[in-house]
Amino acid sequence: MYPVPIPERRHWLRAIYGGSVTVVLLIWLLPLFAVLLTSLRTLAAINAGHFWTIPKTFDFANYLHVFTQTHMARYLVNSLIITLPAVAGAIALSTLAGFALAKYRFRFNVALFAIFIGGNFVPYQILMVPVRDFSLSLGLYNSYAALILFHIAFQTGFAVFFMRNFIAELPDELMEAARLDGVSEWKIFRFVILPLTRPAIAALAVLLFTFVWNDYFWALVLVQGSNVMPVTTALQALLGQFVASWQLVSAAAVIAALPPVLMFFAMQKHFIAGLTLGASKG
């Protein structure tokens, strides 16, 4: 009924699997390796067309120049100002909505859950004009609030789907026992359900942080100018009109990629627990 684990398969199948994974991994890592090498090259080496060779000298000063010659520090702060409230807001709303959809039976429960799921399949591109006009009508265009509110709105659909399915697996007997003791519904959520959802919240926090931090589309639609520009769109601003300092752009890209990576390793234990909880019998 269940697939045979890879270590238990035939030798030639394991060899094909291992070789395929290695090839795919190398193809995926190759552009990242090229960006890392470019961030350590001198401008003269880049102008000479050296892209794939190992640099004779590593110019680590490029990472310092990113902060001294550009507004990279400000862009990183902008991304944090946008990402942290958006992630917190989406998690708060999705946890409450997921609890209600998972543990309460009311009219249109399934229809409401279907709306949350269906919102994930709407292409962002067709929402570009109405969302921009809506932000202008509310006076939110080119502000932190615009990106925070719209990220909360667009990430909540996936987050509700994630949290609802997780909370639905929690035993109903825990809630019934609390009700017999006279505990209110809010306290049941706060003291019974919420502690049990910490692994799921940690996993969801890592995913949403990555989604919001790496967003380029909505930052391009809802922001104009460098005052509130996040780091993703700021990378484009580092390109000059006539000369592109690719070593600085690459160094800035590496720096911009570090926060999600650090976030994952900081929450790795909880992230894996949240994704695998309930995956096995017992």
Side-chain angles (χ1 to χ4, degrees), residues 6 15-76 78-80 82-83 87 123-125 147 151 154-155 158 203 205-221 223 226 229-268 271-272 275:
I6 294 297
I16 293 176
Y17 174 80
S20 301
V21 170
T22 302
V23 171
V24 172
L25 183 62
L26 289 176
I27 294 174
W28 181 73
L29 289 176
L30 195 59
L32 302 180
F33 183 67
V35 171
L36 183 62
L37 287 180
T38 303
S39 69
L40 298 173
R41 298 185 191 278
T42 62
L43 181 60
I46 295 175
N47 292 335
H50 298 161
F51 295 104
W52 297 104
T53 59
I54 303 297
K56 295 181 180 179
T57 58
F58 295 97
D59 192 359
F60 290 97
N62 290 333
Y63 288 90
L64 178 62
H65 294 159
V66 167
F67 291 98
T68 58
Q69 299 180 12
T70 69
H71 300 289
M72 187 65 180
R74 178 61 183 175
Y75 299 142
L76 290 172
N78 289 344
S79 288
L80 286 175
I82 294 166
T83 303
V87 171
Y124 287 169
Q125 290 79 4
L147 286 173
H151 275 307
F154 289 120
Q155 298 299 337
F158 166 76
V206 174
L207 294 174
L208 294 183
F209 186 93
T210 304
F211 295 159
V212 177
W213 181 275
N214 291 335
D215 172 69
Y216 178 79
F217 180 78
W218 290 117
L220 196 64
V221 172
V223 171
S226 60
M229 182 181 295
V231 69
T232 48
T233 53
L235 294 177
Q236 182 67 27
L238 296 180
L239 297 176
Q241 182 177 3
F242 301 106
V243 178
S245 299
W246 291 109
Q247 75 280 10
L248 298 184
V249 175
S250 299
V254 172
I255 294 172
L258 287 178
V261 174
L262 296 177
M263 176 74 172
F264 172 78
F265 282 109
M267 305 289 288
Q268 182 179 13
F271 178 78
I272 296 175
L275 293 182

Can you establish whether the number of heavy atoms outside Trp246 located under 6.0 Å from its atom CH2 is more than 12? no
Take a 6.0 Å sphere around CZ of Phe265 and say whether it holds more than 12 heavy atoms from other residues, nucleotides or ligands. no
Any side-chain heavy-atom pair of [X] and [Y] under 4.5 Å:
X	Y	answer
Phe209	Val206	no
Gln247	Thr42	no
Ile255	Tyr75	no
Ile54	Leu37	yes
Leu80	Trp213	yes
Trp28	Leu25	yes

Verdict with reasoning, Tyr63 to Val254, per side chain to side chain contact (heavy atoms under 4.5 Å, CB included): CA-CA 9 Å; Tyr63 288 90; Val254 172; 3.8 Å; yes
Using 30° and 60° as the class boundaries, would you call the ring planes of Phe158 and Phe211 parallel, tilted or perpendicular? perpendicular
Ring-plane angle category for Phe58 and Phe60, please: parallel below 30°, perpendicular beyond 60°, tilted otherwise. tilted
Quick one: closest heavy-atom pair of [X] and [Y], and the distance?
X	Y	result
Phe217	Tyr124	CE2-O, 3.8 Å
Ala219	Thr233	CB-CG2, 3.6 Å
Val66	Ala252	CG2-N, 3.9 Å
Leu248	Gln69	CD1-OE1, 3.6 Å

Between atom [atom1] of [X] and atom [atom2] of [Y], what is the distance when rounded to the nearest 0.5 Å?
X	Y	atom1	atom2	value
Phe33	Thr38	CZ	OG1	10.0 Å
Arg41	Leu36	CZ	CG	10.0 Å
Asp215	Ile82	CG	CD1	9.0 Å
Leu235	Met72	CG	CE	5.5 Å
Asn78	His71	CG	NE2	11.5 Å

So, Thr210 side chain and Pro260 main chain: donor-acceptor pair closer than 3.5 Å or not? no
For the side chain to side chain contact (heavy atoms under 4.5 Å, CB included) test, which of Val212, Asn214, Leu147 pairs with Thr83? Val212
